[in-house]
Structure formats: structure tokens, C-alpha cells
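Atoms within each ligand, like the ligands themselves, are counted from 1 in listed order.
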Amino acid sequence: MTNEDIFKKLIAHCKEYGFVFQSSEIYDGLSAVYDYGQYGVELKNNIKKYWWDSMVLLHENVVGIDTAIFMHPTVWKASGHVDAFNDPLIDNKESKKRYRADVLIEELLSKFDAKADKEVEKAKKKFGENFDETLFRQTNPRVVENLKKKEEINVRFVKALNDNNLSELKQIIIDNEIVCPVSGTKNWTDVRQFNLMFSTDMGAAADGALKIHLRPETAQGIFVNFLNVQKSGRMKIPFGIAQIGKAFRNEIVARQFIFRMREFEQMEMQFFVKPGEELFWFNKWKELRMKWHQALGMGNHKYRFHDHEKLAHYANAATDIEFEMPFGFKEVEGIHSRTDFDLAQHQQYSGKKITYFDPEQSESYIPYVIETSIGVDRMFLSIMAGAYCEEDVEGKDGSKETRVVLKLPPVLAPIKLAVLPLLKKDGLPELARKVIEKLKFDFNCQYDEKDSIGKRYRRQDAIGTPFCVTIDHQSLQDNSVTIRHRDSMEQERINIEMIEKIISEKISMKELFRSII
Ligand code: GAP
């Protein structure tokens with residue numbers, strides 16, 4: 001199965017099992033906008049809790065806030081979003097389809113890598129164990145030629161982006177004969193800048209209405225409240241402010257399911273530090289954030305850092321945490337050292353002093369900022385992609401069956417426990433209900449009595465439930481049940497009183513947190 005097939009299956013699974021639905025589906029949907037279903041919302045809430053508590057419970061110098069989506073229009077002028085939050089877009093005149101010029105070129109560049117990889121794969125098969133891949137890549141004329149061509153285009157591309165040279169971007173597309181995937185033609189418009197912010201009018205009268213933007217990031221709500229929080233909370237530097245909330249971007253190319261959405265959710269934390277100490281804190285947060293991801297047990301090899309070579313003019317360090325999605329390693333989180341850019345801009349545009357008086361140094365300064373910024377939806381996608389498994393298992397009659405199982409970290413699973421009476425009679429449902437009544441205050445439980453026990457196990461596997469408890473006739477006699485573990489499918493007989501302890505240990509965030517501090 002190709003990665004593309006796996007991704008298609010994952011998307012279908014998300015819909016079939018109530019994780020993610022296309023928004024307004026009965027009206028044929030709204031592009032790049034999604035709704036979360038009954039299990040999706042539980043998983044999403046658990047992700048948010050894992051993040052929130054890891055910020056505000058584990059760090060006594062990090063506090064949370066919740067700011068409005070609408071903000072004064074000057075906020076976006078000061079932050080640079082009005083003038084510079086743009087993507088270069090290009091239209092194909094035949095198909096009338098719109099593309100990001102930079103994405104078309106990036107896709108071309110990745111084709112050169114793919115061609116080189118194909119040559120390597122062919123040679124690997126031909127030469128077997130004696131194959132020296134490094135030497136082959138350095139000497140095979142076809143591979144060398146491909147990589148050289150790629151590098152030439154890349155140099156032009158990076159320069160065009162740095163110079164903001166839109167006509168050069170178009171020229172790269174023309175020179176390399178990039179065609180529209182829909183019309184197959186090279187009939188392109190010029191490249192133009194396109195601002196990604198949505199706008200709307202606030203106020204009743206059309207002529208007196210104020211044009212405002214839907215926030216494209218939650219961070220600015222934190223910056224404009226820096227002094228409110230610092231003063232009201234008597235916060236001392238270094239300290240952080242965390243926020244979870246919706247953000248909106250009018251993405252030109254919205255693809256890859258919930259990876260790039262027009263309405264999405266961010267979890268951002270701005271950590272305010274003394275100027276000169278920012279790189280120490282940047283490295284500290286880099287390490288802490290990677291630990292947070294890896295503690296979930298999806299496999300450390302699935303994460304990597306991607307340090308930015310090209311930095312925004314106000315940043316002095318930046319890195320992404322990438323996860324191996326079915327379509328390659330992709331950014332899930334950004335960690336940026338943003339200097340004093342944002343606070344200084346707001347000070348200038350608002351005319352209000354935004355400084356911190358450092359009692360130890362007896363001096364005032366504008367703090368520097370380390371930002372950690374992660375998309376809830378991307379995190380959700382990474383967890384679903386890492387958890388989705390198809391396994392060959394033996395069916396009832398000895399035949400082979402495929403088991404689809406979501407190996408979600410138990411701490412994030414939407415349902416923690418399914419309680420299943422073996423039969424719908426003889427007092428078994430009543431005992432099952434009693435178990436749920438007792439445990440429902442501690443974790444999300446589900447009762448299911450329909451179909452064979454095997455089918456019920458499969459349904460729970462498909463939504464990632466880590467434990468199933470089965471009530472049978474023996475349970476009535478000796479108060480014992482079988483508990484089935486999702487990943488190993490192993491079953492053990494335990495006393496009913498033990499259920500809570502076994503599950504609590506496995507789904508405890510406390511244990512995860514202990515491993516990351
Ligand atoms: N305040 C900094 C900031 O917003 P960003 O790299 O543009 O930085 C941060 O976004 C994170 O937000 C990304 O790493 C990603 O997880 C998420 N994100 C950004 N655009 C998104 C989109 N269109 N759809 C889903 N998630 C998105």
C-alpha cells in the first residue's frame with residue numbers, strides 16, 4: 001500500500017468513525033473547513049488538556065489567558081500582518097485554478113529528489129548487499145545530474161523569495177515548463193501577492209462600519225495583554241502566557257485534509273525573557289517541547305527538528321518540530337525567538353509604554369520573547385496518522401482477517417473503557433451498567449451489547465479504546481471480569497475492583513508529565 005493509499009484510508013476512517021467531518025457536507029462542503037465528530041472532539045479536548053496542563057501546571061511561571069478573536073485593526077498593522085502576511089499566488093488561465101507559486105516550485109524540486117531516489121532503489125536491487133549508496137549518489141551520472149539541476153533551481157528560488165521578486169518566481173515556472181495539473185497547460189497569469197487574513201465589518205451602518213480581521217494567530221492577543229497580565233499577576237521575568245484558540249487564514253491552496261485549514265486552532269505560549277538570555281530559553285523550550293511530543297510514545301524516530309536557515313527579519317532563531325505524516329515530514333509546531341519585535345511594534349503603534357521594570361537590575365526594558373506555537377488540528381492529524389494500523393489477525397474460523405486499530409496513546413484516547421456484557425440477558429447487562437455507573441466519574445466509558453463480542457472488540461479497536469471489559473456468567477459468581485488490552489489483544493481475568501486501578505495507571509497524565517520535567 002502506498003502512503004497515499006494509507007492517507008486516503010485514514011481520511012475515510014476519520015469520517016466513518018465520527019472523528020472528522022467535512023463542514024456543511026450536505027451542501028457539498030466548504031473547502032478546508034472541518035467539523036469534529038463525537039470521538040474527534042474528545043481526542044481534541046484531550047490534546048488541548050495535555051498541552052494546557054503541561055504549560056500552566058508544570059510551570060509556575062506560565063499562566064493562561066483567553067483573548068477575543070476580533071482585535072483592533074491597528075494590531076495587525078503593528079504586527080506586520082497587513083503588509084506582509086502574504087502568499088505568492090498564480091492562476092492558470094485555462095483551468096481557472098489558483099496555486100501558490102512557491103508550492104508549484106517546491107513540488108518541482110521534490111520531483112528531482114524522487115527521480116534520484118528511484119535510481120538508488122533500482123541500483124540497490126541490482127547490486128544487493130554490496131551496494132554503497134553514498135558512493136552511488138556521488139558518482140552515478142543520472143543522480144548527479146538530477147541533484148545539480150535541483151540545486152540550480154533552488155538557488156534561483158530562494159533568491160527570488162528573499163528579494164520578493166514575483167516576476168522571477170513566474171520565470172522559474174515558465175523556464176521549467178511547470179504545467180497546471182488540471183488543464184495540463186503553461187498558460188499562467190503573473191504572480192501576485194495575496195493577503196491571507198479574512199476581514200469583516202464591525203458595526204451596523206455600512207459607511208460607519210469598522211473593517212476588522214479575523215485573527216490569523218492567537219499570539220497577538222497575548223502581546224497586547226502583556227502588561228495586564230504582568231501587573232495583575234505580579235509576574236516576574238522570565239514568565240510565559242499561554243493561550244488556546246481559533247485562528248483563521250484564507251489559504252490559497254488548502255489540501256491534505258486537516259493539515260492546512262482556513263479555520264483552525266492554535267496552542268501558543270509566549271515566554272518573556274531578559275534581552276541577551278533569549279537563546280538560552282530558546283534551546284530550553286526546544287528541548288521541552290520535543291520531550292512533550294515524544295512522551296506520547298508514537299516513536300521518537302517520527303519527530304525531527306527543522307532549523308530555519310532563512311529567518312524572519314525580527315527573529316534570531318527558529319525551528320520547527322516536524323512529524324512524519326503519510327505525505328512526508330511536516331511541521332507540527334514552530335519555536336521562534338522573536339526578539340522584542342512584537343512588543344516594540346505595539347509600543348510604537350499604540351503610543352503606550354510597554355516595558356518591564358526589572359527589580360533586580362533596577363532597569364526597565366522591553367522583554368524578548370520565545371514563542372512555542374502548535375496547531376491543535378495538525379497535532380490531531382499527527383496522532384491519528386501515527387496511530388492508524390492495519391494488522392493481519394486470525395479470524396474465528398482460522399481464516400485471515402484485517403484488524404483496523406487506532407493505537408492512540410491511552411491518555412489521549414476518546415473512550416478509555418468499553419464495558420461489554422457477553423449476553424443481553426441473565427443479569428449481565430445490569431452488572432455492566434453498574435460497573436459504568438461506578439467508573440464514569442473517572443473516565444469516559446462506553447456500554448455496548450450489540451453484535452458478537454468479536455465485532456464489538458473491532459469497533460472499539462477502530463476508535464482506539466485502550467481497554468474492553470467483558471462481563472460473563474462467572475462475573476456474577478465471583479465478581480471477576482476479563483480485561484482486554486487493545487494493542488496486544490491479550491486478555492486477563494481480574495477482580496472488578498481492580499479495573500479502576502489498572503486503567504487509571506495507564507491513562508494518567510501525571511505519569512507522562514513526570515517523564516518530561
Ligand atoms: N504565532 C506564530 C504562528 O502562527 P505559524 O508557523 O504560522 O506561526 C504555527 O503557525 C502553527 O499553527 C503551525 O506549526 C501549525 O501547526 C499551525 N497552523 C498554521 N497554519 C495552519 C493552517 N492553515 N491549518 C492548520 N494548522 C495551521
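Close contacts between ligand 1 and E371 involve ligand atoms 1 (N), 2 (C) [criterion: under 4.0 Å to a heavy atom]. Ligand 1 places these atoms under 4.0 Å from at least one heavy atom of E333: 14 (O). Each of the following atoms of ligand 1 lies closer than 4.0 Å to a heavy atom of E217: 1 (N), 2 (C), 3 (C), 4 (O). For ligand 1, the atoms closer than 4.0 angstrom to any heavy atom of E268 are 1 (N), 2 (C), 3 (C), 4 (O).
Salt-bridge formation is detected for the pair R403/D461: a Lys NZ or Arg NE/NH1/NH2 atom is positioned less than 4.0 Å from an Asp or Glu carboxylate oxygen. Using a 4.0 Å cut-off between charged side-chain N and carboxylate O, D320 and R304 make no salt bridge.
Under the 30°/60° scheme for interplanar angles, the aromatic rings of Y50 and W292 are found to lie parallel. Note on ring orientation: taking the six-membered ring where Trp is involved, the planes of F323 and Y303 are perpendicular (angle over 60°, cut-offs 30° and 60°).
Scanning the protein heavy atoms around atom 17 (C) of ligand 1, the nearest turns out to be G375 CA, 3.7 Å. For atom 18 (N) of ligand 1, the nearest non-hydrogen atom of the protein is F264 CE1, 3.5 Å. In terms of protein heavy atoms, atom 24 (N) of ligand 1 is closest to M261 N, 2.8 Å. For atom 14 (O) of ligand 1, the closest non-hydrogen atom on the protein side is E331 OE2, 2.5 Å. In terms of protein heavy-atom proximity, atom 15 (C) of ligand 1 is closest to R378 NH1, 3.5 Å. Scanning the protein for heavy atoms near atom 25 (C) of ligand 1, the closest one is F259 O, 3.2 Å. Of the protein's heavy atoms, R249 NH1, 2.9 Å lies nearest to atom 7 (O) of ligand 1. Nearest non-hydrogen protein atom to atom 12 (O) of ligand 1 is Q266 NE2, 3.3 Å.
Side-chain contact check for I47 versus M267: some heavy-atom pair is nearer than 4.5 Å.
Paired with D175 under the rule salt bridge (Lys or Arg N to Asp or Glu O under 4.0 Å), one option of K186, R156, K170 passes, and it is R156. Among F257, Y36, Y39, F264, the one residue that satisfies the ring-ring contact (aromatic ring centres under 6.0 Å, His included) test with F380 is Y36.
Between Y356 and F272, the ring centre distance reaches or exceeds 6.0 Å.
Comparing A32, S373, A318 by heavy-atom distance to atom 8 (O) of ligand 1, the nearest is S373.
Note: no N/O pair closer than 3.5 Å links I374 and ligand 1 by distance alone.
Look at V332 and you'll find a heavy atom under 4.0 Å from some atom of ligand 1.
D5 and T2 share a donor-acceptor pair across their side chains, judged by distance under 3.5 Å alone.
Separation of atoms CG (L10) and CG (L381) is listed at 6.5 Å; rounding is to 0.5 Å.
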